[in-house]
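Below is one structure, written out as structure tokens; comments come after it.
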Amino acid sequence: MMLACAAMTLGCLSCANSKKAQADETAATEASVQVPAFNADSAYLYVKQQVDFGPRTPGSEAHDRCGDYLAAKLEAFGAKVYNQRADLTGYDGRTLKARNIIGAYNPDSKRRVLLCAHWDTRPWADNDPDKANHRKPILGANDGASGVGVLLEVARQLQRQAPAIGIDIIFFDMEDYGTPQFAETLTDDSDTWCLGSQYWSRAPHVKDYNARFGILLDMVGGRGATFLKEGVSLQYAEPVVKKVWRAAKKLGLENYFVDEHGGYVNDDHVPVNEIARIPCIDIVNCDLNGELSSFGDFWHTLDDNMDVIDRNTLQAVGQTVLQVIYNEK
Ligand SMILES: [Zn+2]
């Protein structure tokens with residue numbers, strides 16, 4: 001028994017060694033894909049720089065100035081930049097100057113992946129526990145700036161080391177101008193959200209635009225955030241959900257990217273899926289234990305400021321996105 005056991009142990013060891021050697025060889029052939037290290041300090045700074053403009057509500061001076069900042073950043077990081085301007089009408093009948101900002105990398109490649117986030121912020125803190133705040137604009141550190149901040153850091157990495165494919169980074173405008181809760185409309189108002197992405201999906205920045213898939217980031221910087229597999233994403237782009245969650249797991253980030261179904265979210269990925277017909281997922285904070293909101297209790301309140309932003313969350317999302325796009329061939 002003892003001998004057999006020892007022999008077995010030896011056998012297993014050598015077996016394990018040869019397996020390890022094989023694994024090392026595989027790793028060596030795969031090593032040509034070097035995934036850059038995401039820098040959460042940079043991403044945090046890009047979030048803060050947006051917040052420092054103040055609320056980026058459509059029609060405001062802060063919105064104008066932040067738009068210029070974002071376009072200049074993408075340009076400085078080597079993207080071919082498009083400013084797509086449009087007059088879009090809000091739920092209240094106001095026509096506002098919208099601006100989708102697009103940075104294209106390797107624009108001639110037919111093999112493309114789309115990364116997106118909204119850069120406008122909500123004009124009304126209509127989920128604030130204090131009713132007196134409902135008509136005040138939010139700072140949108142998490143709801144708006146976090147996704148854009150992560151993608152600016154991705155852009156910086158794209159300039160330093162090009163992946164095998166083309167990438168388009170789109171900052172959508174006027175996602176968060178949807179009918180406020182205090183308006184008490186009786187009609188279905190889902191179309192009053194995501195105005196910038198609806199516009200782009202009907203009229204992309206280049207003719208016959210296409211991408212393999214898209215990844216939308218929204219509310220990706222909150223402390224203690226978790227990301228669940230969102231319903232619309234599963235409906236239109238389940239293989240992409242699986243790809244992204246697999247990448248996160250490989251990085252040991254399954255505490256952030258939880259293997260559970262979340263709810264259905266009306267976000268910029270809806271028009272990208274339904275109008276542009278590009279399979280697009282939403283990485284969006286989903287906290288099923290939230291008291292005020294499943295998007296975090298500071299969602300659409302005056303508390304959505306830099307205090308809620310955690311570098312660890314930015315890191316988890318940013319590194320996962322890099323892991324996915326650098327492994328595309
Ligand atoms: Zn929002």
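Counting starts at 1 for both ligands and their atoms, in listed order. All residue numbers in this chain count up from 1 along the given sequence.
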Taken to the nearest 0.5 Å, the spacing of Ile170 CD1 from Leu115 CG works out to 9.5 Å
Could you tell me how the ring of His205 sits relative to the ring of Tyr82: parallel (under 30°), tilted (30 to 60°) or perpendicular (over 60°)? perpendicular
Report the distance from atom OG of Ser233 to atom CG of Leu228, rounding to the nearest 0.5 Å. 11.0 Å
Under 2.8 Å from the Zn ion (ligand 1), the protein N, O or S atoms, given as residue and atom: Asp143 OD2, Asp176 OD1, Asp176 OD2, His300 NE2
Between CG on residue Asp282 and CE on residue Met219, distance to nearest 0.5 Å: 7.5 Å
Strictly under 6.0 Å, is that where the ring centroids of Trp124 and Tyr177 end up? yes
Go through Thr179 and Thr192 one step at a time and tell me if the side-chain hydrogen bond (donor to acceptor under 3.5 Å, both in side chains) criterion holds. CA-CA 6 Å; Thr179 311; Thr192 64; 3.1 Å; yes
